[in-house]
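Here is the structure we will look at.
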Amino acid sequence: MSQFDNVSVLKQANVYFDGKCVSHTVVLADGTKKSVGVILPSSLVFNTGAPERMEGVGGSCRVRLKGESEWKTYAAGQSFSVPGDSSFEIACDEPYHYVCHFG
C-alpha cells in the first residue's frame, strides 16, 4: 500500500533523540493508529509498550532486537517486528523512512 486514505493526521510531530527521529501519528477511519516518520543517520535505542511492526518505505537500517546478538539489515519494502514491552537498537547510515504499525 503506497498511501492511507480517509485518515486524520495529528499536527504535532513526535520528535525523539534531539530530532534524529521525527514522526506523525495517523489515525485510520476504524481508529487504528500508526506513525509515519523518518530516522536520520544515527544509532538509537527504542523501547516498546505495544508490539510494533516497522515497515521500511525508503532507505535502509540495521536492527538488533533485545536479547539478540546479531544485527539484521532491512531495506525499503521489508519489515521487522518487535514484541511489546521490549526494545530494539536501530542504526541508519542514510535517512530511513518508515510506517510503524502498532498492536
* Path from Val45 to Val15 over hydrophobic side-chain contacts below 4.5 Å -> no

* **Exam field: side chain Ser87 to backbone Lys66, donor-acceptor pair closer than 3.5 Å** => no

* **By side-chain hydrogen bond (donor to acceptor under 3.5 Å, both in side chains) - contacts of Ser23 (at least two apart)** => Asn14

* To do: Give a yes or no on whether the backbone of Asp30 and the side-chain of Thr32 come within a donor-acceptor separation of less than 3.5 Å.
  => no

* Kindly compute the distance separating OG1 (Thr73) from CZ (Phe80), expressed to the nearest 0.5 Å. => 11.0 Å

* Structure fact -> NZ (Lys34) and CD (Glu55) are apart, to the nearest 0.5 Å, by 8.0 Å

* Roughly how far, to the nearest 0.5 Å, is NE2 of His101 from CD of Glu52? -> 11.0 Å

* Would Val22 end up clustered with Tyr96 when hydrophobic side chains under 4.5 Å apart are linked, directly or stepwise? -> no

* **Where Cys61 and Cys92 come nearest, the two heavy atoms and their spacing** => CB-SG, 3.8 Å

* Rounded distance [0.5 Å steps], CE in Met54 versus OH in Tyr98 -> 5.5 Å

* To do: Please check if Val9 and Val36 belong to a single hydrophobic cluster, counting links between Ile, Leu, Val, Met, Phe, Trp and Tyr side chain heavy atoms closer than 4.5 Å.
  => yes

* Asked: Which heavy atom of His24 sits nearest a heavy atom of Lys11, and at what distance?
  -> CE1-O, 3.2 Å

* **Closest approach of Cys21 to Leu44 (non-hydrogen atoms, all atoms of both residues)** => CB-CD1, 4.4 Å

* **Hydrophobic cluster identity match, Val38 and Phe17, side-chain contacts under 4.5 Å** => no

* Structure fact -> Here the pair of heavy atoms bringing Leu65 nearest to Ser81 is CD1-O, 3.7 Å

* **For Lys33 against Phe102, the heavy-atom pair lying closest together** => O-CD1, 3.4 Å

* Atom CG of Asn6 with >12 non-hydrogen neighbours under 6.0 angstrom -> no

* In sequence, state the C-alpha distance, the side-chain angles, and the governing distance for Asp93 and Arg62, and then conclude on side-chain contact (heavy atoms from CB on, under 4.5 Å). => CA-CA 9 Å; Asp93 296 326; Arg62 292 179 310 285; 2.9 Å; yes

* Asked: Roughly how far, to the nearest 0.5 Å, is CD of Glu68 from CD of Glu89?
  -> 10.5 Å

* To do: Please test Ile39 against Phe46 for side-chain contact (heavy atoms from CB on, under 4.5 Å), starting from the C-alpha separation and ending with a verdict.
  => CA-CA 12 Å; Ile39 299 173; Phe46 285 91; 4.1 Å; yes

* Shortest non-hydrogen separation from Tyr74 to Ser79 and the atoms involved -> CE2-O, 3.4 Å

* Partner residues of Glu94 under the side-chain hydrogen bond (donor to acceptor under 3.5 Å, both in side chains) criterion, sequence neighbours left out -> Ser60

